[in-house]
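Only one structure is covered here, and it is reproduced in the block below.
Side chains are part of it too, since the values below use all heavy atoms of this structure and drop only hydrogens, waters and symmetry mates.
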Amino acid sequence: MTLSLLGIIFVQAYWIKKSIEDKEEQFYQTVSQVLDNVAGKIETREINEYGNKLIALKDSVGKPSEFQIRDIFFKEIDEDSREVTIYNHGILKENYNIPPSFFDNDLFNDSTTTITSYTSKTVETVFKENFGMDGKGYSFTPIKTITKFGDISRFERLQFEEMFRDAANRKPMYKRVSKEEIRSSLEEEFKNRKIDIDFEFGIYSKGLPTSVKSRKFKFDPETVNRTPIFRDSEGKTDFSLLVSFPEKKEYLVGSILGMAIITFLFTTIILITYIGAIYQLIRQKKISEIKTDFINNMTHEFKTPIATINLAVEAIRNPGTIGDKEKVGRYLQMIRDENKRMHAQVENVLRISKLEKNQLDISKERVDVHDIIEDAITHVELIVDDRGGYINTHLNAKRTDVLANEMHFTNVLVNVMDNAIKYSPEAPKIDVYTESTKNSILIKIKDQGSGMSKAVLKKVFEKFYREHTGDIHNVKGHGLGLAYVKKIIDDHQGEVYAESEKGKGSTFYIKLPII
């Protein structure tokens with residue numbers, strides 16, 4: 001179970017780590033696409049601005065100052081149909097003599113700059129070869145002519161872009177692109193890909209920052225994403241668009257947070273169940289040991305009264321004894337006492353069992369605590385006197401009426417005092433105190449016996465628990481007395497606890513609400 005649980009935890013931790021790494025790789029790929037798209041849009045926008053300006057100027061100038069036509073001819077003859085097809089492709093070169101001042105002076109400052117436009121013309125003519133009636137002469141009759149005009153846009157665009165890219169590199173960066181344009185383009189691209197994360201950006205030239213960057217952008221070569229921008233006709237550039245994400249870790253963790261929480265939740269449930277199972281195994285083992293010890297103690301304590309009863313019966317059956325009424329009476333009293341002792345032990349076991357099942361009917365009435373204490377003392381004072389000890393009372397409580405069951409509460413006090421007697425190696429010395437608190441009465445029973453260690457003190461109210469003394473049964477009992485005390489006091493909405501030190505005696509406190 002332990003190996004399986006550790007394996008599950010390891011697999012889940014590895015899966016979460018792997019998911020974050022995959023998300024990070026996917027995130028970087030998406031960011032690279034975004035940067036490429038933004039750089040391309042900015043470059044296209046810059047070229048289109050001057051391209052549109054050029055087209056507007058061409059339309060406003062009107063006729064070109066000079067032009068030149070170059071024609072290419074191609075002839076094709078079909079032998080079967082006797083048709084001759086002639087292809088004529090002409091290129092019209094027009095020079096507008098537009099001054100360079102319509103562009104920025106810092107961009108195009110060469111006075112020899114001219115604007116040239118190219119237009120294509122394609123003519124396809126089909127002739128039919130005709131022979132005379134006498135077979136001696138023939139002529140060509142045109143049967144189809146197709147003419148097409150077109151703007152050589154690709155050639156013209158490439159010519160213009162190459163010239164423009166080379167010249168634009170001399171222009172300051174802040175005049176080519178603004179911070180607002182970069183931010184809005186990045187936000188639009190991230191929004192289209194459903195990425196909601198704060199970012200900082202900047203344009204660097206040969207590793208040095210330009211003035212076009214966000215206020216909080218910090219260059220870190222390990223965390224920034226970059227892409228080239230403002231490339232020349234050969235695709236080379238000194239400029240890079242950089243983007244960093246201050247909250248990247250939080251974003252990546254947040255992207256798998258839902259699944260991670262579910263995984264953690266179920267793993268926690270498995271872990272709690274596992275710990276609970278181990279706890280129950282240990283607890284059951286401990287209970288089994290306690291019950292075994294209880295059976296051994298019970299057997300040991302029943303042996304003596306049974307043996308005593310057997311001896312008394314045999315003595316009564318003796319013909320020499322049966323006529324002696326004094327001896328018979330003494331033996332019968334021994335049988336009665338031992339039987340009563342065994343009956344009391346059985347009653348203790350049954351009483352605890354009924355308390356745990358809530359089957360014991362405990363009716364309560366108004367009683368005086370001091371009266372019950374005096375009654376309980378009468379049950380044990382003969383034993384104390386026989387051992388040369390004493391029980392002193394210090395009943396100082398002013399308000400003493402509580403709601404309790406007289407019989408069970410008396411048994412509680414008797415059990416505590418009986419423990420004080422049994423665990424006093426010498427003459428038992430017991431003091432009983434009462435005092436009033438705000439809404440309750442506190443009963444304190446103090447002895448000068450052997451005391452308890454801290455480990456024993458924690459478990460002294462558990463059922464069947466007795467301090468381990470090996471196989472030595474110097475103190476009679478089954479570990480039921482104080483468990484019974486705890487159950488009864490709890491039923492009376494009271495509180496019971498103890499203080500003790502090994503070799504210095506113990507003090508038991510019973511606290512009950514007063515009427």
All pairs passing salt bridge (Lys or Arg N to Asp or Glu O under 4.0 Å) where residues 4-23 contributes a residue, at least two apart | K17-E21

Side-chain contact test, heavy atoms from C-beta onward, threshold under 4.5 Å: evaluate it for Y204 versus L241 and give yes or no.
-> no

Verify side-chain contact (heavy atoms from CB on, under 4.5 Å) between N405 and S363, making sure each step is shown before the conclusion.
-> CA-CA 6 Å; N405 182 282; S363 59; 3.8 Å; yes

Only counting residues at least two apart or in another chain, list the ones meeting side chain to side chain donor-acceptor pair (under 3.5 Å) with D36.
-> T227

Nearest-0.5 Å distance, CZ of residue F266 to CD1 of residue I262 | 7.0 Å

For N415 and L482, indicate whether the former's side chain and the latter's backbone hold a donor-acceptor pair under 3.5 Å.
-> no

What residues form a side-chain contact (heavy atoms from CB on, under 4.5 Å) with T267, not counting sequence neighbours?
-> I9, Q12, T263

Considering residues at least two apart in sequence or located in another chain, which fulfil the salt bridge (charged side-chain N to carboxylate O under 4.0 Å, His left out) criterion with K504?
-> E501

With sequence neighbours excluded, tell me which residues meet salt bridge (charged side-chain N to carboxylate O under 4.0 Å, His left out) with K213.
-> none

By side chain to side chain donor-acceptor pair (under 3.5 Å) - contacts of K444 (at least two apart) = none

For residues V402 and P513, determine if any side-chain heavy atom of one lies less than 4.5 Å from a side-chain heavy atom of the other.
-> no

Heavy-atom side-chain contact between V485 and F508 under 4.5 Å = no

Can you list the steps and then say if L35 with L186 is a side-chain contact (heavy atoms from CB on, under 4.5 Å)?
-> CA-CA 8 Å; L35 290 179; L186 287 171; 3.9 Å; yes

Could you tell me whether the side chain of I488 reaches within less than 4.5 Å of the side chain of H492, counting heavy atoms only?
-> yes

Taking only residues two or more places apart in sequence, or in another chain, which ones meet K454 in a salt bridge (charged side-chain N to carboxylate O under 4.0 Å, His left out)?
-> none

Do the side chains of E188 and K191 get nearer than 4.5 Å, heavy atoms only?
-> no

NZ of K41 to CG of N37: how many Å apart, nearest 0.5 Å?
-> 6.5 Å

Indicate the atoms forming the closest heavy-atom contact of R215 with E200, along with that distance.
-> N-OE1, 4.4 Å

Do any pairs count as a side chain to side chain donor-acceptor pair (under 3.5 Å) and have a residue in residues 506-515, sequence neighbours left out, and if so which ones?
-> E499-Y509, S500-S506

Any side-chain heavy atom of S244 within less than 4.5 Å of one from K218?
-> no

S214 to R183 - nearest heavy-atom pair and separation = CB-NH2, 3.5 Å

Which distance, rounded to the nearest 0.5 Å, do you find between the CG of N225 and the OG of S240?
-> 12.0 Å

Please name all residues satisfying ring pair (Phe, Tyr, Trp, His ring centres under 6.0 Å) with F190, sequence neighbours left out, ordered by chain then number.
-> F199, F245

Residue set satisfying salt bridge (charged side-chain N to carboxylate O under 4.0 Å, His left out) with K364, at least two apart, ordered chain then number -> D491

Distance col, row E495:CD vs L512:CG, nearest 0.5 angstrom, shows 10.0 Å

For I42 and R45, what are the C-alpha separation, side-chain angles and deciding distance, and is it a side-chain contact (heavy atoms from CB on, under 4.5 Å)?
-> CA-CA 5 Å; I42 293 173; R45 186 268 308 158; 3.8 Å; yes

Please answer whether the main-chain N or O of Q284 pairs with a side-chain N or O of S288 as donor and acceptor at a distance below 3.5 Å.
-> no

Y274 meets the side chain to side chain donor-acceptor pair (under 3.5 Å) criterion, sequence neighbours left out, with T2

Between M173 and F230, is any pair of side-chain heavy atoms under 4.5 Å apart?
-> yes

Find out whether M259 and I16 are in side-chain contact, i.e. whether some heavy atom of one side chain is under 4.5 Å from a heavy atom of the other.
-> no

If you measure from CG on L271 to CG on L5, what distance do you get to the nearest 0.5 Å?
-> 5.5 Å

Can you check side-chain contact (heavy atoms from CB on, under 4.5 Å) on V412 and V496, steps first, answer last?
-> CA-CA 11 Å; V412 164; V496 59; over 6 Å; no

Can R193 and E189 be counted as an ion pair, charged N to O under 4.0 angstrom?
-> yes

Please round to the nearest 0.5 Å and tell me the distance separating atom CG of L242 and atom CD1 of I229.
-> 10.5 Å

D196, CG: over 12 other non-hydrogen atoms inside 6.0 angstrom = no

Among all residues two or more places apart in sequence or in another chain, which pass the ring pair (Phe, Tyr, Trp, His ring centres under 6.0 Å) test with F264?
-> none

